[in-house]
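Inspection log for the structure reproduced underneath, given as C-alpha cells.
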Amino acid sequence: MSLETVRAFFADKAPDITVIELATSTATVAEAAAGHGVAPAQIAKTLSIRIGDQVALVVTRGDARLDNRKAKAVFGGKVRMLDLGEVESLTGHPVGGVCPFGLAAPLPVYCDISLQAFDEVFPAAGSTNSAVRIPPDRMAELTGAAWVDVCQEPG
C-alpha cells in the first residue's frame, strides 16, 4: 500500500500537491519522462544507498549518475546501492516507485544539487505508475533533505 502512504504523506504535509497516476508504467526514467511529457533530466529518481550500516535515499535528476568519489567524500565511506530485495523492505516502496515520501520508516534523505536546475521535478509517488510535480526546494523541505553534490555532471 505504498501509494496510500504517499497519499497520506501529502494529505498531511502538503494537501495542495496531487499524486498523478498514469495508465502506463513510469518505473524507468525513460518511461516516466515519456508519460509526463518532460525531458528525462526532469524526472527525480530516488537512489537507495548504504554506507556501512546506514541506509539513505539520494534524489537526483533523471540523467545523473552517482559519482563514487564525491559520494564517498560527502557520506564518509564507500557507497553501494541496496539490493532489490532490500529496497522495498526498507523504504516501503517497490523498485520503480521509490520516493522520499511516505516511507516505511524514517530514513535520511539527500537531494543532489543537480535538481536545482529545474523549477519543477517529477519524483515517483510509491508505485510504478505514479508521480508528483513539485519544486525541488519544496521536496527537500517536506522530506527534511540536505542538499549534497554527489553526482557526475550530466552529459
### Query
Under the ring-ring contact (aromatic ring centres under 6.0 Å, His included) rule, what pairs show up with a residue in residues 50-108, not counting sequence neighbours?
F9-F101, F10-F101, F75-Y110
Please determine whether residues [X] and [Y] belong to a single hydrophobic cluster, defined as Ile, Leu, Val, Met, Phe, Trp and Tyr linked transitively by side-chain heavy-atom distances below 4.5 Å.
X    : Y    : answer
V55  : V150 : no
M139 : V109 : yes
V87  : L90  : yes
L103 : L47  : no
L82  : I51  : no

### Query
Take atom CG in D83; do more than 12 heavy atoms of anything else shown fall under 6.0 Å from it?
yes
### Summary
Residues pairing under side-chain hydrogen bond (donor to acceptor under 3.5 Å, both in side chains) where one sits in residues 124-135, two or more places apart or in two chains, turn out to be E120-R133, S127-N129, S127-S130
Would you list the pairs meeting salt bridge (Lys or Arg N to Asp or Glu O under 4.0 Å) in which at least one residue belongs to [range], sequence neighbours left out?
range           : result
residues 14-37  : R7-E21, D16-R138
residues 32-44  : none
residues 34-49  : none
residues 86-104 : R50-E86, R80-E86

### Task
Any chance you could lay out the side-chain contact (heavy atoms from CB on, under 4.5 Å) test for I49 and M81, step after step, and finish with the verdict?
CA-CA 4 Å; I49 63 169; M81 301 300 286; 3.8 Å; yes
#### Entry: Rounded distance (nearest 0.5 Å) linking atom CG of D137 with atom CG of L142
11.0 Å
### Summary
Rounded to the nearest 0.5 Å, the SG atom of C111 sits from the CG atom of L57 at a distance of 10.0 Å
#### Entry: Partner residues of Q116 under the side chain to side chain donor-acceptor pair (under 3.5 Å) criterion, sequence neighbours left out
none
### Query
Which residues pass the side chain to side chain donor-acceptor pair (under 3.5 Å) test with K70, sequence neighbours left out?
D149
### Task
Grab the two heavy atoms, one from A124 and one from G96, that are nearest each other, plus how far apart they are.
CB-O, 4.2 Å
### Message
I need the minimum non-hydrogen distance between A33 and A39, along with the two atoms involved.
### Response
CB-C, 4.0 Å
### Task
Report yes or no: does S2 contribute a side-chain atom to a donor-acceptor pair with the main-chain N or O of G92 at less than 3.5 Å?
yes
### Task
Output yes when a side-chain donor or acceptor of D112 lies under 3.5 Å from a complementary backbone atom of S114, and no otherwise.
yes
### Any residue meeting ring-ring contact (aromatic ring centres under 6.0 Å, His included) with F122, in chain and number order, not counting sequence neighbours
H36
### Message
Consider side-chain contact (heavy atoms from CB on, under 4.5 Å). Of T143, V98, V148, T46, which one does V59 pass it with?
### Response
T46
### Task
For the residue pair I134 and V121, establish whether any side-chain heavy-atom pair is separated by less than 4.5 Å.
yes
### Query
Is the closest side-chain heavy-atom distance between T91 and S48 below 4.5 Å?
yes
### Query
Yes or no on side-chain contact (heavy atoms from CB on, under 4.5 Å) for V29 and D63, after CA distance, side-chain angles and deciding distance?
CA-CA 8 Å; V29 169; D63 62 352; over 6 Å; no
### Query
For Q54, what residues pass the side chain to side chain contact (heavy atoms under 4.5 Å, CB included) criterion, not counting sequence neighbours?
P108
